[in-house]
There are 2 protein chains.
Amino acid sequence: MLRDVSDAAGGSALSSGPVGDTVEDAQLASSLRIAVMRLARRLRAERSDGTLGLSQLSALSTLERHGPLSPTALAELERIQPPSMTRVIAALEERRLVGREPHPSDRRQAVIAISDAGRQIVLEDRRRRQAWLARSLDDLAADERALLEAALPVLERLSEV
Amino acid sequence: MLRDVSDAAGGSALSSGPVGDTVEDAQLASSLRIAVMRLARRLRAERSDGTLGLSQLSALSTLERHGPLSPTALAELERIQPPSMTRVIAALEERRLVGREPHPSDRRQAVIAISDAGRQIVLEDRRRRQAWLARSLDDLAADERALLEAALPVLERLSEV
DNA sequence: TATTGTTATACTCTATAACTATA
DNA sequence: TATAGTTATAGAGTATAACAATA
């Protein structure tokens, strides 16, 4: 399994110019795309209690980390379009997991903030919600987990471009 | 950035028992889940020409790699339920990208095979379809690409559990 | 005019339940 | 009875276009 790794790393090291990488990048991109989509599919299926959708929980979690945000700002952080965020917020509002207040100076804007009930769900979820993936990670060898952990920041940067 | 890596690897090596890893696994699982879902969302938005859905292309690609398969077998490989695969195959059949033949001995089964047109699309797509991700990968340093490439097999194994 | 947010509408992907045909 | 596949139906998630309110 690790043969591919060293081959690839060696290849990159030998031809690190922007042109030489193109073909290898395309292959890495293809494999990464398929792996990420499949894993996302699995993760979507393994949602914990099911009462809260993944995008709702993700938005709620972002609100918990960043503090109050406008719908547009939250949409940008979540990398979805404003109309999609409208629906996510509506679902959270209906369950009283977030509150809405008018912006102090700009009456066009709204300020969405997580509620105590919402915060409780986020914290509870961070503890309980990782069942399947954590179980899967448990089956990995220590060096495989380390590989994932090492690649994680890169994976995160990819979504931020 | 690589500090986290060695820290994590060291931590795992020191406490490789199932109990000691639980907390670290949960954190890794949480971060990985969010990163994977966001990246999947980006990838979904960046689909190339748009005429073919991601799940259709993924199934087509699997047919190209594995050869002719029954709908149920293909569904299992793609990790979706048979009714979902029925719709994917129907879409591919309508575009003549796959063909359907009766199973030689079991008349309940069908055999789905990629067509020449389908194969052309898969090959063309492997070359052209990775625009955004390949571009993003281009912006990474060589050692970051190597990290991704190293973690890729682990990522793939996670979906296979 | 530009920006913020919403509504209306539609598409993709997936699931479960119930059905048909064959084994 | 059991298996392969389909149909019917539903739901989550997202997008674009058009609109209203405010700046």
Side-chain angles (χ1 to χ4, degrees), chain A residues 33-34 36-60 68-95 98 100-112 159, chain B residues 34 36-60 62 68-95 98 100-112 159:
Chain A
R33 178 177 62 80
I34 290 174
V36 165
M37 295 306 292
R38 287 226 171 116
L39 192 49
R41 190 182 291 159
R42 277 302 290 263
L43 284 167
R44 202 177 298 121
E46 295 286 340
R47 63 171 165 281
S48 57
D49 56 352
T51 68
L52 217 53
L54 282 171
S55 55
Q56 291 159 35
L57 190 67
S58 181
L60 199 59
L69 287 163
S70 77
T72 297
L74 187 52
E76 277 168 9
L77 282 173
E78 290 292 303
R79 309 244 166 213
I80 62 179
Q81 294 303 306
S84 304
M85 185 49 75
T86 293
R87 296 189 60 177
V88 170
I89 292 174
L92 294 174
E93 236 176 332
E94 201 178 334
R95 294 160 184 265
V98 301
R100 172 189 302 257
E101 289 197 359
H103 189 281
S105 61
D106 185 343
R107 278 187 298 170
R108 291 173 306 180
Q109 291 188 46
V111 177
I112 312 296
S159 315
Chain B
I34 291 174
V36 165
M37 293 306 292
R38 289 231 169 113
L39 192 49
R41 193 182 288 157
R42 276 303 290 260
L43 284 167
R44 201 178 300 120
E46 294 288 338
R47 64 172 168 279
S48 55
D49 55 352
T51 68
L52 218 53
L54 282 170
S55 55
Q56 292 160 33
L57 189 67
S58 181
L60 199 60
T62 295
L69 288 163
S70 77
T72 296
L74 187 52
E76 277 167 9
L77 283 173
E78 290 291 303
R79 309 246 167 214
I80 62 178
Q81 294 303 308
S84 305
M85 185 50 75
T86 293
R87 297 192 59 179
V88 170
I89 291 173
L92 293 174
E93 236 176 332
E94 200 179 332
R95 294 161 185 265
V98 302
R100 172 190 302 258
E101 290 199 358
H103 190 281
S105 60
D106 186 343
R107 276 187 298 167
R108 291 174 306 178
Q109 291 188 45
V111 177
I112 311 296
S159 315

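Chain A is the first sequence line, chain B the second, and so forth, proteins listed ahead of strands; every chain is numbered from 1. Every value quoted in this text rests on a predicted model; they were computed, and no experiment measured them.
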Inset, instruction - Answer with base, sugar-phosphate or nothing: what part of the nucleic acid does B:Gln56 contact at a heavy-atom distance below 4.0 Å? - result: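 Sugar-phosphate contact only - B:Gln56 comes under 4.0 Å of backbone atoms but never of a base.
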Inset, instruction - Please work out if A:Ser84 contacts a base, only the sugar-phosphate, or nothing of the nucleic acid, heavy-atom cut-off 4.0 Å. - result: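 Base: the residue A:Ser84, judged by heavy atoms under 4.0 Å, touches a nucleobase.
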Inset, instruction - Can you sort out the partners of A:Arg87 under salt bridge (Lys or Arg N to Asp or Glu O under 4.0 Å), two or more places apart, ordered by chain and number? - result: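 Result, salt bridge (Lys or Arg N to Asp or Glu O under 4.0 Å) vs A:Arg87: none returned.
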Legend entry - Sequence-distant partners of B:Arg108, salt bridge (Lys or Arg N to Asp or Glu O under 4.0 Å), two or more places apart: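 Checked B:Arg108 against salt bridge (Lys or Arg N to Asp or Glu O under 4.0 Å); matches are B:Asp106.
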Please give, in whole Å, the distance from [N] [atom2] to [X] [atom1]?
X       : N      : atom1 : atom2 : value
B:Arg41 : D:dG13 : CZ    : P     : 9 Å
A:Glu94 : D:dA12 : CD    : P     : 11 Å
B:Leu74 : D:dA4  : CG    : P     : 14 Å

Which residues satisfy the side chain to side chain contact (heavy atoms under 4.5 Å, CB included) test with [X], sequence neighbours excluded?
X        : value
B:Ala40  : A:Val36, A:Met37, A:Ala40, B:Arg44
B:Gln81  : B:Pro83, B:Ser84
B:Ala91  : B:Gln56
A:Ala110 : A:Pro71, A:Arg100

Legend entry - Test side-chain hydrogen bond (donor to acceptor under 3.5 Å, both in side chains) applied to B:Ser58 - qualifying residues, sequence neighbours left out: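 So B:Ser58 forms a side-chain hydrogen bond (donor to acceptor under 3.5 Å, both in side chains) with B:Glu78.
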Legend entry - A:Arg79 CZ to B:Leu39 CG distance, which is reported to the nearest 0.5 Å: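 Interatomic distance, A:Arg79 CZ to B:Leu39 CG, rounded to 0.5 Å: 11.0 Å.
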Scan nucleotides 21-23 of chain D against the protein and return all N/O pairs shorter than 3.5 Å with their distances rounded to 0.1 Å.
from   : atom 1 : to       : atom 2 : distance (Å)
D:dA23 : OP1    : A:Arg107 : N      : 2.7
D:dA23 : OP2    : A:Arg107 : NH2    : 3.3

Inset, instruction - Encode nucleotides 6-11 of chain D as B, S and - characters from 5' to 3', where the letter depends on protein heavy atoms closer than 4.0 Å: B to the base, S only to sugar-phosphate, - to neither. - result: BB--B-
Inset, instruction - Between C:dT14, D:dG13, D:dG5, spot the one nearest the side chain of B:Ser55, thanks. - result: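 Among the listed nucleotides, the one closest to the side chain of B:Ser55 is C:dT14.
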Inset, instruction - Establish, with yes or no, whether the OP1 or OP2 oxygen of D:dG5 is under 4.0 angstrom from a side-chain nitrogen or oxygen of B:Ser70. - result: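 It does, given that an N or O in the side chain of B:Ser70 lies less than 4.0 Å from OP1 or OP2 of D:dG5.
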